[in-house]
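Before any comments, here is the structure.
Reckoned from all heavy atoms, side chains included, excluding hydrogens, waters and symmetry mates. The shown structure was predicted, so the numbers you read here are calculated from the model rather than taken from an experiment. Throughout, a chain's letter reflects where its sequence line sits, starting with A, and its residues are numbered from 1.
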Amino acid sequence: MRASATGRDPRRQRLNHAFALLIPAALFGFLVTAQWQGQQDRSSIAVRYNAPLTDAAFALQKEQNDLKAQLQDLRAQLDRIQSSAASQSGAASELERRLAELKAQAGLSAATGDGVMVQLDDSHTIPAGTTNLDQAICHSTDLSDILNTAWRGGAQAISVNAQRVVSSTSVYCVGSTIMVNGTLLSPPFNIAVIGPQNAVLGAFDDPSQLRDIKARRDVHGLGFRVTRANAINVPPYDGALTVRIAIPQ
Amino acid sequence: MRSNAGGIAATAVALFLGILVVTQFRSQDVYSRNLQLETPASLTTLIANLSDRNNSLRDEIFELRLRVVAARDSVASGQGSLAESQHEIDQLRIFAAVSSAHGPGIAVKIDGTFDDRAMSDLTNELRNAGAEAISVNDVRVGPRSWYAPGPERSVLLDGRQVNGPWIVRAIGASDVMHVAITRTGGIQGQFELIYPKTRFTVTKESTIEVPAVAARR
């Protein structure tokens with residue numbers, strides 16, 4: 001075996017050596033560039049407090065998810081008790097029917113139906129170093145405008161990345177981070193809209209609607225797509241009801 | 001010589017390829033959002049917002065636990081859970097905006113040029129500050145409300161024309177909402193820059209009344 005290896009064609013051996021160099025050289029190039037760019041990033045963002053603040057934000061978001069799960073569980077317990085009470089009297093049964101109706105109106109019940117799916121995403125096509133990055137990423141106002149257009153088109157239920165849009169919903173922007181219902185969300189934003197398909201699609205297709213988003217999609221590659229969809233599931237609102245001060249009349 | 005030259009050329013090409021791969025990867029990744037890239041000021045605001053939300057959730061969990069116990073006792077004693085159901089109905093009637101409501105809050109008077117998108121932003125800001133019920137002039141803002149430009153510089157709210165000067169009323173914690181709107185760099189300051197001739201007046205009110213949302217047409 002050894003004898004036959006040493007007796008190889010010298011040209012082939014040279015080729016083998018060249019290929020043997022190829023992989024480490026590519027790896028070296030990759031590492032050098034990554035290291036150099038990493039240094040550049042770190043120098044601009046190396047702020048003393050960022051790491052602990054980021055950890056705190058993630059910890060609070062995790063806590064929020066746990067609290068929402070507890071809240072959902074308690075709401076389900078109360079529902080079961082009310083259902084059992086409804087079987088005891090006609091008055092309780094009437095109240096339970098009214099409760100179910102109000103929960104559906106308020107967005108506290110899951111909804112399923114036909115409608116449209118809207119996807120909004122940051123551009124992935126513009127090279128680094130572009131001066132108008134602002135135009136290529138999605139903002140909280142874009143989401144607000146999309147929700148406004150969907151309601152205008154007759155939407156009956158909407159969620160954004162599984163966050164149900166209800167009367168207390170705010171789309172809030174801190175730096176480049178977007179919060180919906182006080183929950184941290186990242187693009188792509190998938191907006192599920194249940195409603196009359198033709199009317200909702202018509203609202204999105206209307207050239208006078210969402211002009212800014214459509215122009216940024218065409219010029220800067222912002223991701224914006226509206227598609228017809230059937231049997232969409234919109235989850236119930238899982239946040240706090242926040243009715244503590246207002247008194248009904 | 002020939003083999004050395006070939007090796008050097010191959011190495012140079014490979015180095016170049018490595019650099020290209022990283023540059024391309026980075027150019028794609030530059031748009032990904034990362035909390036680490038936020039400023040400490042933004043992160044602090046974000047943390048405050050998350051804390052507020054979590055406190056609201058904790059309050060509701062505490063209250064709901066008591067209500068679950070009360071409802072269980074009530075059903076066990078044969079009284080049913082009428083009181084619990086009625087309490088929830090009252091809350092939901094306000095949350096769904098199907099009932100008129102009253103309580104303390106703030107009033108934002110806007111006198112001058114304004115538009116539907118700005119009205120939508122103001123509503124969003126009030127909701128984020130914890131407003132429980134909002135109206136524009138005397139039209140309730142509901143869970144499915146939308147704004148559009150109306151004729152003669154008016155604003156359409158759910159298709160109903162509301163003319164300026166506008167009074168946006170919000171029931172809720174008046175101190176919190178007042179600070180949220182009037183703070184330095186807040187939405188009032190932004191509006192004053194965009195609409196320099198428009199007068200914005202924000203007042204705390206001990207009692208505000210807002211109507212129920214109109215039936216959808």
Side-chain angles (χ1 to χ4, degrees), chain A residues 14 18 21-22 25-26 29-30 33-34 37 45 47 49-50 53-54 56-57 60 63-64 67 70-71 74 77-78 81-82 84-85 88-89 92 95 98-99 102 105-106 122 124 127-128 137 144 148 151-152 166-168 170-172 174-176 182 186 240-243 245-249, chain B residues 3 6-7 10-11 14-15 17-19 21-22 26-28 30-31 33 35-38 40 42-43 45-47 50 53-54 56-57 60-61 64 68 71-72 75 80-82 85 88-97 99-103 120 124 127-128 132-133 143-144 146 171-172:
Chain A
R14 279 200 295 274
L21 273 174
L22 203 72
F30 181 89
T33 316
Q37 293 205 351
I45 60 158
V47 181
Y49 302 108
N50 272 37
L53 289 173
T54 306
L60 283 166
E63 183 186 47
Q64 187 183 99
L67 290 168
Q70 284 180 49
L71 190 61
L74 284 164
Q77 282 184 44
L78 197 58
I81 296 167
Q82 280 160 347
S84 118
Q88 291 181 357
S89 76
L95 279 178
R98 178 81 181 119
L99 264 176
L102 280 168
Q105 283 176 310
D122 292 343
H124 293 285
I137 62 170
S144 299
N148 193 65
W151 292 130
R152 191 178 181 182
V166 293
S167 65
S168 63
S170 63
V171 185
Y172 196 62
V174 185
S176 69
S186 304
L241 272 189
T242 63
V243 179
I245 293 171
I247 301 158
Q249 285 175 334
Chain B
S3 77
T11 308
L15 269 169
L17 281 175
I19 288 165
V21 166
V22 179
R26 290 269 168 171
S27 72
Q28 298 284 329
V30 79
Y31 302 106
R33 297 179 189 228
L35 278 187
Q36 292 276 8
L37 299 176
E38 298 292 355
S42 290
L43 284 168
T45 308
L46 208 115
I47 285 167
L50 283 165
R53 293 281 175 166
N54 291 5
S56 295
L57 284 165
E60 186 148 334
I61 285 169
L64 216 48
V68 164
R72 264 200 201 116
V75 170
S81 60
L82 296 180
S85 298
E88 200 174 351
I89 282 174
D90 288 346
Q91 269 194 320
L92 286 170
R93 282 172 64 214
I94 290 176
F95 199 73
S99 141
S100 56
H102 66 95
S120 171
N124 188 60
R127 283 173 169 168
N128 195 57
E132 297 180 8
R144 300 181 195 171
W146 51 271
I171 299 176

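- The OG atom of A:S167 sits 9.5 Å away from atom CG of B:L92, with the distance rounded to the nearest 0.5 Å.
- A:T242 and B:E60 make their closest contact through N-OE1, 3.8 Å (heavy atoms, listed as atom of the first residue, atom of the second, distance).
- In terms of heavy-atom pairs under 4.5 angstrom with chain B, the leader among A:L67, A:L241, A:L74 is A:L241.
- Comparing B:D90, B:L50, B:I171 by heavy-atom pairs within less than 4.5 Å of chain A, the highest count is held by B:L50.
- For B:S42, the parts lying under 4.5 angstrom from a heavy atom of chain A are both the backbone and the side chain.
- Using modelled atom types, one side-chain atom of A:N50 and one backbone atom of B:E38 make a donor-acceptor pair closer than 3.5 Å.
- If you tally non-hydrogen atom pairs under 4.5 Å between each of A:A240, A:S144, A:S84, A:A56 and chain B, the highest count goes to A:A240.
- In terms of heavy atoms, A:A246 sits closest to B:I94 at O-CD1, 3.3 Å.
- What you find for A:V243 and B:Q91 is that their closest heavy atoms are O-NE2, 3.5 Å.
- For B:R72, there are no salt bridge (Lys or Arg N to Asp or Glu O under 4.0 Å) partners at least two apart in sequence or on another chain.
- When all heavy atoms of A:Q105 and B:P143 are compared, the pair lying nearest together is O-CG, 4.2 Å.
- Of the residues B:L46, B:L43, B:I47, the one that meets the side chain to side chain contact (heavy atoms under 4.5 Å, CB included) test with A:T54 is B:L43.
- Between B:R127 and A:S168 the shortest heavy-atom distance is CB-O, 3.8 Å.
- The two atoms that bring A:G182 and B:R53 nearest to each other are CA-NE, 3.5 Å, heavy atoms only.
- To the nearest 0.5 Å, atom CD1 of residue B:I89 and atom CZ of residue A:R98 are 6.5 Å apart.
- Atoms OG and CD1, on B:S99 and A:I247 in that order, are 11.0 Å from each other to the nearest 0.5 Å.
- Proximity of a side-chain donor or acceptor of B:E132 to a complementary backbone N or O of A:I245 within less than 3.5 Å is detected.
- Counting heavy-atom pairs closer than 4.5 Å to chain A, the top-ranked of the candidates B:S100, B:S120, B:G103 is B:S100.
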